[in-house]
Amino acid sequence: LMISHVIDRELVAFGGAEPLFGAGGFDQDNFGAIPAWRAQYRLDWTRGDWQLGYQAHWIDVVRERGDEVFPGTVNRAGPVVYHDVVVEWNPDARWRVSAGIENLTDIEPPFFANADEANTDLGTYRALGTAFWLRLDFRDSGRGS
């Protein structure tokens with residue numbers, strides 16, 4: 001389990017000005033989304049040649065100000081939780097077969113009106129919905145000495 005919290009983060013344009021963006025806000029020009037809280041949890045099980053893993057990634061609420069286009073408004077992007085699972089089979093030291101599902105519950109990234117072309121912060125949120133993957137690894141142990 002890993003949890004992070006931004007205690008204080010403000011950008012002030014000039015002395016005496018109101019802070020532009022703080023923890024829990026979205027800054028389109030410099031820093032993107034800065035959730036006040038984030039957490040990741042990972043749990044793995046192993047039995048014989050098999051492994052099963054689960055991971056959750058939680059992102060707290062982020063607020064976007066209306067900026068010059070809609071001054072005084074606030075867009076609230078609610079909390080997001082991504083769920084991922086992976087299963088792996090290791091029949092011997094040379095072979096490994098893995099399969100996984102990322103974003104199991106098909107969470108869409110939140111909309112930010114002031115974001116670039118993606119309409120979200122790709123550094124914080126996942127652009128793809130549910131994704132499936134399969135991987136086959138083979139390691140040649142070498143021949144001779």
For the residue pair [X] and [Y], establish whether any side-chain heavy-atom pair is separated by less than 4.5 Å.
| X | Y | value |
| --- | --- | --- |
| Trp58 | Val80 | no |
| Trp133 | Glu102 | yes |
| Val61 | Arg76 | yes |
| Asn90 | Glu88 | yes |
| Trp45 | Gln51 | no |

If you measure from [atom1] on [X] to [atom2] on [Y], what distance do you get to the nearest 0.5 Å?
| X | Y | atom1 | atom2 | value |
| --- | --- | --- | --- | --- |
| Ser4 | Arg38 | OG | CZ | 6.5 Å |
| Asp92 | Phe138 | CG | CZ | 8.5 Å |
| Tyr82 | Thr105 | OH | OG1 | 9.0 Å |

Minimum heavy-atom separation for [X] and [Y], please, with both atom names.
| X | Y | value |
| --- | --- | --- |
| Phe111 | Glu64 | O-OE1, 4.4 Å |
| Val62 | Phe112 | CG1-CZ, 3.9 Å |
| Thr120 | Pro109 | OG1-CB, 3.5 Å |
| Ile59 | Pro35 | CG2-CG, 3.7 Å |

Taking a hydrophobic cluster as the set of Ile, Leu, Val, Met, Phe, Trp and Tyr residues connected by side-chain heavy atoms closer than 4.5 Å, whether directly or through intermediates, do [X] and [Y] fall within one such cluster?
| X | Y | value |
| --- | --- | --- |
| Ile101 | Leu128 | no |
| Tyr54 | Met2 | no |
| Val85 | Leu134 | yes |
| Leu1 | Leu43 | yes |
| Ile107 | Trp37 | no |

Review point. Any donor and acceptor pair, going by atom type alone, linking the side chain of His57 with main-chain N or O of His83 inside 3.5 Å?
Key: no
Check your understanding: Can you check whether Asn103's main-chain N or O pairs, donor with acceptor, with Thr130's side chain at less than 3.5 Å?
Key -> yes
Review point. Does a salt bridge link Arg126 with Asp84, judged by any charged N lying under 4.0 Å from a carboxylate O?
Key: yes
Exercise for review: May I ask you to say whether Asp44 pairs ionically with Arg42, meaning some side-chain N is under 4.0 Å from a carboxylate O?
Suggested key: yes
Point to revise | Glu108 CD: over 12 foreign heavy atoms closer than 6.0 Å | key: no
**Study point:** Name of the residue among Asp121, Val6, Thr124 meeting side-chain contact (heavy atoms from CB on, under 4.5 Å) with Ile34
**Key:** Val6
Exercise for review: Before giving the answer on salt bridge (Lys or Arg N to Asp or Glu O under 4.0 Å), spell out for Arg135 and Asp137 the whole-Å C-alpha distance, their side-chain angles and the decisive distance to 0.1 Å.
Suggested key: CA-CA 7 Å; Arg135 180 175 61 216; Asp137 294 315; 3.4 Å; yes
Exercise for review: Report the relative orientation of the aromatic rings in Trp50 and Trp89; use parallel for angles under 30°, tilted for 30 to 60°, perpendicular for over 60°.
Suggested key: parallel
